[in-house]
Structure formats: structure tokens, C-alpha cells
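Since the model is a prediction, treat every value here as computed from it, not as a measurement. Naming: A, B, ... by sequence-line order, numbering from 1 per chain.
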Amino acid sequence: MTLTNFRYGDVIHRCFRCGYCKFPINWMDVNNCPAYARFRMETYSCGGRLWLTRAWLEGEIEWSDHLADILYSCTACKNCEVKCPLSFNIDILNMMIAAKSEMVERGEIPSAAKEFLENIQRQGNPYGTSREKRDEWMEGTGIEAYQGQEYLYYVGCVGSYDTRGQETARLLGKVLQKAGVSFGVLGNDENCDGNEVRNLGEETLFEMLAEDNVAQFQGLGVQKIVTLSPHSYNAMKNDYPGFNGVFDVLHYTQLLQELIRNGGLDVSGGYNAKVTYHDPCFLGRWNEEYDAPRAILRAIPGVQFVEMARNRNGALCCGGGGGNFYLDLLGGSEDSPARRRVREACETGANVLAVACPNCLTMLEDAVKAEGLENKLTVRDISEIVGEACVIK
Amino acid sequence: MDIIACIKRVPDTSEADVVKIDPSQKDIEKDRLAFKINDWDEYVLEAAVQLKEKLGGTLTAVTIGPKEWDEVLRRALAMGADSAIRIDQDVSADDPHIVAIILDKVIRRLPYDLVLFGAQSEDFGSGHLGAMVAEILGIPHATLVINLEAEEKKIHVQRELEAGTLQSYTIDLPALLTIHTGINQPRYISMGGIRRAMQKELQVMSLSDLGLSLDALTPMVKLEEMRLPPKGKEAELITGAPEETAGQLAKILKDAGIF
């Protein structure tokens, strides 16, 4: 069967599999595509996936569970797009998402992706946990509901439901309270931002989420949004304007950087550790914000900052993007990108691996346990490090 | 082959602590629950669509419920059903016999070779409905079907019993089957597909359109009370270093006679 709606049929043949899509910053190795790093087979690299998609498009191969797993193992980390030297590179990730869309329309997607999307349809989050429990993370924090404050603090699904994510959501709330920022949250009325829904190829569901969220934000008079997750930040900053939702959107590291710089947040409590930083794909490569998190870490007394060999637009993805923090198509191996990444963090001699994304936090923390590195390396979200430097208990 | 798939909408009660009994003590509080298609019915639709793709014919999806129940029919239409019928009556808390009488009236108006039901529903779970409808229609049936292969005039089925024991039957058509989970892998229904299915016909009928009135339908069984199970003993959480907790756990297991 050939693809019916695929938008890139006239350009997909232009990938001749030069292999640049697998490189990090330089030519140190070929393992910067997370799926390729995990499986070490060309089929799992961007080039391999494009060739498979083309073969599927032209009827040379049939759809199979394996083909679906290969396409869905793409984490949408954008390493391929940044490294591809050809002019059509702006579309190579979109080609992957369009191929996933075709699978979505045919209903033939990995069962974990089906579960992920159905859970969002039903409960507004990928875990399938009740909408009525979305606000449990904020119990006892004194964080107010949004009612015209300066900022809407959009927490997102991982921050609202994942136990570890909830800790960062709470701490960021406390940091914002301490800095005197005027903000409120949506609690149980918050819905999924849709970023991963889009990356999984469910275009219509993404449109519905974006339209609903934009209508809700506008109805409440929201003008400024600060997000915990870079995934939410990306959708709201780059995609929501297409749904007439133009807001002043900040990732929380951008707001904290500004607060520290203008004296609104006192971090003199310090944080004594050798810290390295993992760039989340949706803050880094997707939005080119590499400096704010680093500026925060450098501003905290006691932080000895070191870079990993792969950093900024050459950072290795934790393997959690494209819904893979839930689908887990890249797990179960010492070659899993998160495990590779924590080993790399250890090589710097750092004892703290700082992150700025709840997805990366859970992925990398699990990897530390899988690698048995608990005594050497702790994964902390920047909100937690700032919280400690602000002496928040 | 003409197929009728009978499906229902159920509350998502996958988390036990969201379930609360309402003051009547005959139903759960539904106001704040999310709803979905009955799990077994997803497999019904997939089986029906696969048969239709293979053998041609028509697929009609039927449900009985208020307006919100249209959503399960839209899913069926998005999956490949040709038409859908909703009987506009809330029977979710009624005795399955009443539901069976209504469905019998609907099914008799339609062409069919095969009628499919889920083996049971996630909410009330009686598992009676399919067999009752088959009896009233006077056609053969098989329950808990885990495998099926259709020919023009008959169908080969396998039923799954305890410990995975399989029973094979060949049944003359028309027949009714109740479908078990695991018979197939239900496809994902995209929101785009559901939106497109809004264009397809969805017929709404009343009980009087079927020549029935609710007053004349007497239940065979009557629900007396619903209640949540009493809370059991609390779980014991063992904390500490693995070298200590392993020993404590071993002692508990040994004391319980497990080792």
C-alpha cells in the first residue's frame, strides 16, 4: 500500500545517506542520533528512516510493526536537522513526523503510542491518570489559581503527574514565590500542551489541544506564560501563534536568569558542587536557548561548571523526546541514549548533572540507577539547584 | 457479509480511587469521570472491520444511550462502519434483559449475517447480554471468541476457556458471537478520522420507533445496592539499606510460610 497524504514525496529521495545526521558537534563519533546510538543499525538513523519511508511510499515494503517501531524510535531531537548539510534539511524531521501521521491515520502505530494518544484524548495526559488529580502536585504549596496575575505558570503533564516531575514543579513554584513573581496555575483545568502529540504524528489531536488551550488562555486574559517544560515552551512559542495564540512565552530558566540578573532572586545561599549541564532538545536545538541555564549555574556561588564533550547543539538527546519517555522504544540497553549520556556526564568529573526539563530529569535519573552511578552522580533540575541556592526547604 | 456490532460507552475507572458511590447507592458518581468505549468493544469493532475488509458487505454499529454515547458510534464510523444507530434511552443501569429486548427489535430491522458483542462490559460486567440477544433472536451463538474465520454461510470460531483451553466450533450463519480481548490488535482511531466520520450518517431512534415503551419492559433482576469493598490491611513499606531490607523481607516471607 502506498502513502496517500505524504507531503514530501517530491523531496524525500534527496537524502543519499551521507550520515551527517548521526554526528555530534564534530566528528568524534557517529552516535548523536539517539535511536542510532541505541541500535547501531542504519535503519534507525534519520537517513535510514527516510529511505525506509521512501520504500514504504513507493510500495517496495509493506507496513509492519517493526517499521512502526523504527519510525517511532525517532525522538524528534533535531540533531539530524542541525547536522544535515543539504538544503532540504529543514524538512527531514517533518518528513519523519509526516510518515508517523500516515501511520496514525491508518491506525497502525506501536501499542504504547496508541495508549499515549488515547490517554491524552481521555484524560489530557499521557499517563491516563484522572484529570481530577492534575493539581495534586501543588498541595500545600499555597500556589494560587490563575486569575489575571502577570504570569501563567504552565506546569505540563510530566510536572503534574510524574512523582519526580512534581518535585520540580513544586520547587519552581516556591522559587517564583520567593522572588515575588505574580503568577497563577490552572490546576485541574490545565490540559496537555500537545508538543509530543504533534511529534507522534497526531495532527488533528494536536490542533484540538492547541485550539482549546489558546481559547482557555485568551478567555482568562493570559499574556505571559512561564513553562516548567521545554516541550510546553516549544509548542506555545512556536506552534500556538498558528492558532491565533500569541503569548509572551518563557521557559523558566529564561525568567530565573532575568530575576537573578536584576537582583530579584537572591542565590547567595550557593550550591557547592561540580556541575555539568545537559541541554534539553526542546530548549536547545529547537529554540537555541543555550545560555540562560548556563548563566544561572554560573551565577550561583559554589557551582563549579564544566561542559560535557557534547554540548549545546551537539548535545546527545536523553532519548525521551517524541513521547519516548513513555513509549520507551530506546530503553533496555547500556547503549540507551540516557545511559550513554550519564556516563558522559561522569567523565567530566561532575557530581551533579543539571537538567532543565522534567522529561530529561526522569530519563537521566533512571539511567544513573541503571548504570549504578548513584554514589558518583546526582541528577538535579536547575529549579532544584536554584531552590537550594535561595535556601528554600 | 453483513455485520452488526453492538457497543457501549463506559466510565474510565482504571484508577480505583476515582470511583465513588452516589447517594442512591445504586450507581457510581459519574459527573467528574472521563468516558470511553468499552474495552471489549474495541476488539469487536476491529474484528468486524477486518471481516468487512476481507469479505465486503455492510457494518452497522448500534448502541443504546443518551446523546453523549454518539462518541462511541463516531469511533465505529471512523474505523469503517457504514452506518450507526443510537437508541436514545439511558439503560446503563438497567437489567441486561431489558437491553436485550431493545437490541432484538433493532437487529430484526437490519440485514445481518453476524452480530458481534463484547464478551462483557467494563462497568457492570454481567456478560449476559450477547447470549440473551441470541436467544431472543433465535440464532446460534458462541461466547468468549478468541479466533474467527468466516466463510459465506458459516463461521469457524475458537473460544478461550480456563487456562487458555481452546474449543473450536463451526457455526451456521446467521450467528452471534461475543468477542474476547486478545482476538486482534485494535487499531488507533485518529481524531482526524473521527472528525471525518462526522459526515457519515448516525441514526437516532426512540423506543417508540421500535414499538416499545419502557413501562412495559419489566426487569428480571433488580439492583439493591452498590458499595465499595471495605479497606483491607494497609501495605507495609520497608525502608532502609538493601542489606537490611532484604533480610526483613525474607523474614516476613518466611513467617508467612512462603519459603
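- The two atoms that bring A/Gln121 and B/Tyr188 nearest to each other are NE2-OH, 2.9 Å, heavy atoms only.
- Taking a 6.0 Å sphere around CD of B/Glu152, one finds it holds 12 or fewer heavy atoms contributed by other residues, nucleotides or ligands.
- Residue A/Leu205 touches chain B through both its backbone and its side chain, counting heavy-atom pairs closer than 4.5 Å.
- In this structure, A/Ser130 and B/Val18 approach most closely via the heavy-atom pair CB-CG1, 3.8 Å.
- In B/Met198, the CE atom is not crowded: 12 or fewer heavy atoms of neighbouring residues, nucleotides or ligands sit closer than 6.0 Å.
- Note: A/Met208 leads A/Glu207, A/Met208, A/Met103, A/Glu115 in heavy-atom pairs under 4.5 Å with chain B.
- Residue A/Asn375 places its CG atom among 12 or fewer non-hydrogen atoms of other residues, nucleotides or ligands, all under 6.0 Å distant.
- Atom-to-atom distance recorded for B/Arg32:CZ and A/Asn188:CG is 7.0 Å, nearest 0.5 angstrom.
- Ranked by non-hydrogen atom pairs under 4.5 Å with chain B, the options A/Gln123, A/Arg131, A/Lys133 are led by A/Lys133.
- Within a 6.0 Å sphere centred on NZ of B/Lys54, heavy atoms belonging to other residues, nucleotides or ligands number 12 at most.
- Salt bridge A/Glu118/B/Arg75: present, at least one basic N to carboxylate O contact under 4.0 Å.
- Within 6.0 Å of CD on B/Glu53 lie more than 12 heavy atoms contributed by other residues, nucleotides or ligands.
- Atom CE of B/Met191 sits about 12.0 Å away from atom CD1 of A/Ile120, to the nearest 0.5 Å.
- The two residues B/Arg187 and A/Lys114 come nearest to each other via the heavy atoms O-CE, 3.3 Å.
- Enclosure of atom CG in B/Asp22 by more than 12 non-hydrogen atoms of other residues, nucleotides or ligands within 6.0 angstrom is indicated.
- A donor-acceptor pair is defined here as one N or O able to donate and one able to accept, closer than 3.5 Å; no such pair exists between the side chain of A/Glu202 and the backbone of B/Ser190.
- The distance from the OG1 atom of A/Thr129 to the CD atom of B/Glu15 is 5.0 Å, given to the nearest 0.5 Å.
- Taken to the nearest 0.5 Å, the CG atom of A/Asp65 stands 5.5 Å off from the CD atom of B/Gln185.
- Within 6.0 Å of atom CD in B/Glu68, more than 12 heavy atoms from other residues, nucleotides or ligands are found, so the atom counts as buried in its surroundings.
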